[in-house]
Each structure stands twice: as C-alpha cells, then as structure tokens.
Amino acid sequence: MQYWLMKSEPDEVSIDDLARAGTVPWSGVRNYQARNFMRDAMQVGDLAFFYHSGCAEPGIAGICEVCSEPYPDATQFDPHSAYHDPKSAPDKPRWLLRDVRFVGKGRYLPLAELRSYVELANMRLLARGNRLSITPVTAEEWAFINRFMAEKS
DNA sequence: GCCAACGTTGGC
DNA sequence: GCCAACGTTGGC
C-alpha cells in the first residue's frame, strides 16, 4: 500500500468531473518517470491526493483510489488527440495508465498553504523545480494532509 | 555518450 | 504572458 499525488488540470478533469464519472482512465501522461509509477509501482487499492494544477489556485482537491491494473493509454494511438504519440506502436505501447476511482472531496488545500507547513518541507510535490505529474507521498505526509481533508471549507 | 537546442510544465 | 526548471531529441 502506497500513497501518491496525481496532478490534473481541472479544465480537463477536475475533482467534480471525477466525482460525476466515478472512474476515469488517467490518460495523457507522457513522462517516463510518471509512467513507471503507474506501470510498476502502483497497486490496486493505493490512495492518491487529487491535485489541481495549471489553474488560478493550484492545490489538493480530494482523494482517489487506484482501481485497475496498468493498460495502454488509448489516446497515444489517436491522431486527433493532443496526446497522440506517432512513435508508439499498438503492438508495443509506450504509455500505460491506470483507472482511478473517486473516493472523496475535502477542504481545498492550496499549494501556498501546503508550503506553509514545516511538516511537509520535504514533500516531493514541493521540491524546487518539480514538474512530475505523479509523485509518491509518504505515510507521514499522507496522515498530516489527510486530517485537513475532513475539515469544513 | 555528450551536450546544445528545443519543447513542456506549471507557478506566478 | 513570463520564465525557471526540467525532459527529450538528435547531431556529432
């Protein structure tokens, strides 16, 4: 059992979109490190913070759960998709993803607030220059942040 | 295998 | 829109 943080642009898929859909494929990851986390390190049942990026106030919006084994990201083979990868062959797919399931929505935790806690000083998300869209979260970080999720907003 | 050029991410 | 930081590409 491991914990994760997964970034999504709310314009594409927000926590409310996930709540409505129930389950979504985590498509569009085109970074090998993030792919390897999904392909190799994640396990069904792992929990992840759902993070909103590329928006006015980035931050943690809720929690989701890894709910499938890895399988090829269909968008890589779609010439009309922004995530199309012409170098990926259907018999040897380059990009694998997992499905994630909505677990809950918490008090919105802005990035600026996360940065204010010394307990999170070493969090991967907050590391200088971090751009990874999927990062591991330690059990300590999870517990520390998770208790804010239950607060009223 | 090095490394410069380029593209992308993502906060601000 | 800017720009720092990082990843990828491709020539050599």
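Protein chains get the first letters and strands the later ones, always in sequence-line order, with residue 1 at the start of each. Remember, predicted model here, so these are calculated numbers, not experimental data.
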Heavy atom of residues 55-63 of chain A under 4.0 Å from DNA chain C: which residues?
-> none
For A:Arg30, which contact category applies under a 4.0 Å heavy-atom criterion: base, sugar-phosphate, or nothing?
-> nothing
Integer-rounded Å distance: B:dG10 P and A:His52 NE2 | 14 Å
Any N/O pairs under 3.5 Å between the protein and nucleotides 2-9 of chain B? List them or say none.
residue	atom	partner	partner atom	Å
B:dT8	O2	A:Arg131	NH1	2.7
B:dT9	O3'	A:Arg131	O	3.4

If every non-hydrogen atom of A:Ala89 is compared with every non-hydrogen atom of A:Phe77, which pair is closest and at what distance?
-> C-CE2, 3.6 Å
Dump the intermediate steps for side chain to side chain contact (heavy atoms under 4.5 Å, CB included) on A:Arg124 and A:Leu5, then the final yes or no.
-> CA-CA 9 Å; A:Arg124 187 85 173 267; A:Leu5 181 140; over 6 Å; no
Sequence-distant partners of A:Arg20, salt bridge (Lys or Arg N to Asp or Glu O under 4.0 Å), two or more places apart = A:Asp17
Considering all heavy atoms, the nearest A:Pro70-A:Met38 contact = CB-O, 4.1 Å
To the nearest 0.5 Å, atom CG of A:Leu97 lies from atom OG of A:Ser68 at 7.0 Å
Would you please indicate if the ring centroids of A:Trp4 and A:Phe50 are separated by under 6.0 Å?
-> no
Geometric cation-pi criterion A:Arg147 and A:Phe144, 6.0 Å radius, 45° cone | yes
For A:Gln76 against A:Arg94, the heavy-atom pair lying closest together = OE1-N, 3.3 Å
